[in-house]
Amino acid sequence: MTNSSRPNWDRYFLDLCEAVSKRATCDRGRAGCVIVKDKRIMTTGYVGAPAGLPHCDDVGHDLRKVIGYDDKISQHCVRTLHAEQNAIIQAARFGIPLEGATLYCKMTPCRTCAMMIINAGIKRVVCEKRYHADEDTIQMFKQADVELVIVNNEFEKYDGQ
């Protein structure tokens with residue numbers, strides 16, 4: 001007898017991202033990330049300020065206007081690191097190789113995270129939704145032969161976007 005409600009591996013690890021995100025310290029982007037190899041969790045990360053520095057939830061956001069490649073102006077909080085960045089940094093800090101791993105996250109990684117993912121040797125990225133500025137990421141992943149799986153093709157919405 002099989003349990004039809006048992007989630008597949010992608011859903012299981014995406015659900016864990018949601019649990020990890022509860023540790024995030026920036027209410028604009030409560031996101032979590034889980035990096036997995038051979039169905040084993042290698043590392044996790046969540047949105048937050050560097051260790052020992054003030055958190056958005058405590059002192060407010062450090063919002064900066066950023067001009068994108070398409071000349072659109074958007075607001076970004078520069079106080080925090082992205083969940084993907086923190087997960088990759090944790091792997092580096094503790095000597096965990098990520099070559100061939102799968103990264104699970106809330107939305108398509110930003111351009112900077114995409115470059116880090118490629119250089120870390122991660123070969124597959126599974127995200128719940130799309131990020132509003134993901135064109136570069138999609139193109140880079142294609143060029144670098146990183147498989148990208150987007151579960152829900154709608155764009156993630158958040159305050160001040």
Side-chain angles (χ1 to χ4, degrees), residues 7 10-37 40-98 101-122 124-138 140-141 148-152 154-161:
D10 285 348
R11 173 54 34 210
Y12 172 72
F13 291 120
L14 283 171
D15 289 348
L16 288 177
C17 286
E18 178 66 25
V20 171
S21 75
K22 291 179 175 152
R23 290 281 307 153
T25 61
C26 178
D27 65 4
R28 283 187 82 236
R30 294 225 188 273
C33 175
V34 177
I35 302 178
V36 173
K37 192 170 182 180
R40 302 284 181 256
I41 296 170
M42 306 307 292
T43 184
T44 65
Y46 52 84
V47 174
L53 298 184
H55 298 293
C56 295
D57 289 352
D58 298 330
V59 297
H61 300 289
D62 186 358
L63 293 174
R64 308 280 175 95
K65 289 185 180 178
V66 176
I67 301 174
Y69 67 91
D70 56 1
D71 290 330
K72 288 184 181 175
I73 297 173
S74 59
Q75 293 229 36
H76 292 268
C77 181
V78 298
R79 186 176 307 285
T80 61
L81 292 159
H82 292 179
E84 300 90 334
Q85 293 167 341
N86 273 324
I88 292 169
I89 290 166
Q90 288 301 309
R93 188 171 183 183
F94 295 105
I96 300 168
L98 300 179
T102 298
L103 181 144
Y104 292 88
C105 54
K106 182 178 185 177
M107 61 185 127
T108 321
C110 73
R111 188 178 202 285
T112 300
C113 287
M115 291 187 285
M116 291 176 68
I117 288 164
I118 292 166
N119 277 359
I122 294 166
R124 185 168 182 259
V125 174
V126 180
C127 48
E128 191 71 49
K129 292 182 180 178
R130 292 189 61 189
Y131 175 57
H132 70 274
D134 66 3
E135 296 87 5
D136 283 352
T137 294
I138 292 169
M140 284 191 293
F141 282 171
L148 175 63
V149 177
I150 301 170
V151 174
N152 182 339
E154 48 184 75
F155 290 91
E156 179 71 16
K157 303 261 193 260
Y158 49 91
D159 290 340
Q161 188 171 10

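- How far NE2 of His132 is from SG of Cys110: 10.0 Å, rounded to the nearest 0.5 Å.
- In this structure, the side chains of Leu148 and Cys127 come closer than 4.5 Å at one or more pairs of heavy atoms.
- Taking OG1 of Thr43 as the start and CD1 of Ile35 as the end, the distance is 6.0 Å to the nearest 0.5 Å.
- Residues Leu103 and Ile117 form a side-chain contact, since some pair of their non-hydrogen atoms from C-beta on lies under 4.5 Å apart.
- A pairwise comparison of heavy atoms in Cys113 and Pro109 identifies CB-CB, 3.9 Å as the closest pair.
- For Phe141, the ring pair (Phe, Tyr, Trp, His ring centres under 6.0 Å) test picks out no residue, with sequence neighbours left out.
- For residues 108-120, every residue pair satisfying the salt bridge (charged side-chain N to carboxylate O under 4.0 Å, His left out) rule, not counting sequence neighbours, is listed here: Arg111-Asp136.
- Leu63 places a side-chain heavy atom less than 4.5 Å from the side chain of Arg28.
- Applying the side-chain contact (heavy atoms from CB on, under 4.5 Å) criterion to Arg130, with sequence neighbours excluded, gives Thr108, Asp134, Ile138, Ile150, Asn153, Phe155.
- No side-chain donor-acceptor contact under 3.5 Å links Thr137 to the backbone of Ala114.
- Residues Cys26 and Cys56 share a closest heavy-atom pair of SG-SG, 3.7 Å.
- Judged as a side-chain contact (heavy atoms from CB on, under 4.5 Å), and not counting sequence neighbours, the contacts of Val149 are Arg124, Val126, Glu147.
- The side-chain heavy atoms of Glu128 and Arg11, taken from C-beta on, include a pair separated by under 4.5 Å.
- Listed by first then second residue, pairs satisfying side-chain hydrogen bond (donor to acceptor under 3.5 Å, both in side chains) with a partner in residues 53-66 read Thr25-His55, Asp27-His61, Arg30-Asp57, Asp62-Arg64, not counting sequence neighbours.
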Which donor-acceptor pairs under 3.5 Å do the side chains of residues 78-87 make with protein atoms, sequence neighbours left out?
residue : atom : partner : partner atom : Å
Arg79   : NE   : Gly60   : O            : 2.9
Arg79   : NH2  : Gly60   : O            : 3.4
Gln85   : OE1  : His82   : N            : 2.8
Asn86   : ND2  : Tyr46   : O            : 2.8

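- Contact detail for Cys105 and Leu14: the closest heavy-atom pair is O-CD2, 3.6 Å.
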